[in-house]
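A short worksheet on the structure shown next.
Positions are given from 1 along the sequence.
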Amino acid sequence: MTEREPEVFVICPTTSLARGEAKAFSLSRIGDNGEARPFPIVIVHTASGGFVGYVNACPHEGKWLNIGSGQFFNADRTLLRCGRHGATFEIDTGLCHAGACEGQSLEPIALAVIDGDVCLCGVALVEDVSFPDPFDDLDETMEIMIHPD
């Protein structure tokens, strides 16, 4: 039996998040049935310079943490905060301090910094298969049609 390399996907450059900043990403992962399903995550560049990541879902009702202003933090930026119900979570551990889900935790995701990029590890993501550019197949000459009107 051969060992497989863990799945590693680049999410963003480390420089795209300032220290003390959090950013949401909407990804798709392969579910148990082999089909794509939404996988919202949040990556936090901690004040100490590290990176932590969580599934962007409050344990209370499974809704995204950032609503309204799009912010992830409490007023003094020392805790992550659910924008719907106000539950607060430790940035480094995801543990809920106060709110409807007190004692529960955000679901952590495995991150690694590789060659200046924040990478998600161990999750099979669906590659972005965006719509093809409708102009890709055009040649460089332009067709002109003249109408008698």
Note to self: Are Ile43 and Leu80 linked, directly or through intermediate hydrophobic residues, by side-chain heavy-atom contacts shorter than 4.5 Å (ILVMFWY only)?
What the structure shows: no
Run the side-chain donor-acceptor check on residues 14-23: report pairs under 3.5 Å with partners two or more places apart or on a different chain.
from	atom 1	to	atom 2	distance (Å)
Thr14	OG1	Gly116	O	3.2
Ser16	OG	Pro13	O	2.8
Arg19	NH1	Ala47	O	3.4
Glu21	OE1	Ala18	N	2.8

Note to self: Could you tell me if the side chain of Ile41 sits less than 4.5 Å from the side chain of Leu27, heavy atoms only?
What the structure shows: yes
Margin query: Are Phe72 and Ile91 linked, directly or through intermediate hydrophobic residues, by side-chain heavy-atom contacts shorter than 4.5 Å (ILVMFWY only)?
Written below: yes
Next item on the list: Decide yes or no for Val8 and Leu120: does some side-chain heavy atom of the first lie under 4.5 Å from some side-chain heavy atom of the second?
Entry: no
Checklist line | Spacing of Ser26 atom OG and Trp64 atom CH2 [to the nearest 0.5 Å] | finding: 3.5 Å
Notebook entry, point to check: Under 4.5 Å between any side-chain heavy atoms of His85 and Glu61, yes or no?
Noted result: yes
Notebook entry, point to check: In chain order, what residues pass the side-chain contact (heavy atoms from CB on, under 4.5 Å) check against Asp76, with sequence neighbours excluded?
Noted result: Asn74, Thr78
Check: Is Leu65 close to Tyr54 at the side-chain level, that is, under 4.5 Å between some pair of heavy atoms?
Finding: no
Next item on the list: Would you give the length of the straight line joining atom CZ of Phe39 to atom CD1 of Ile30, rounded to the nearest 0.5 angstrom?
Entry: 12.0 Å
Let me have the donor-acceptor pairs involving side chains of residues 93-115, under 3.5 Å, with sequence neighbours excluded, atom names and distances please.
from	atom 1	to	atom 2	distance (Å)
Thr93	OG1	Glu90	OE1	2.4
Thr93	OG1	Leu95	N	3.2
His97	NE2	Glu90	OE2	2.9

Check: Do Arg29 and Glu7 have side-chain heavy atoms sitting under 4.5 Å apart?
Finding: no
Notebook entry, point to check: How many angstroms lie between OG in Ser28 and CD in Glu35, if you round to the nearest 0.5 Å?
Noted result: 12.0 Å
Next item on the list: Check whether any side-chain heavy atom of Val123 lies under 4.5 Å from a side-chain heavy atom of Phe9, and answer yes or no.
Entry: no
Next item on the list: Taking the side chain as every heavy atom from C-beta outward, state whether Asn56 and Phe25 have any atom pair closer than 4.5 Å.
Entry: no
Check: Judged by atom type as modelled, is there a donor-acceptor pair below 3.5 Å linking the side chain of Asp117 to the main-chain atoms of Cys119?
Finding: no
Notebook entry, point to check: Side chains of Phe73 and Arg81: closer than 4.5 Å at any heavy-atom pair?
Noted result: no
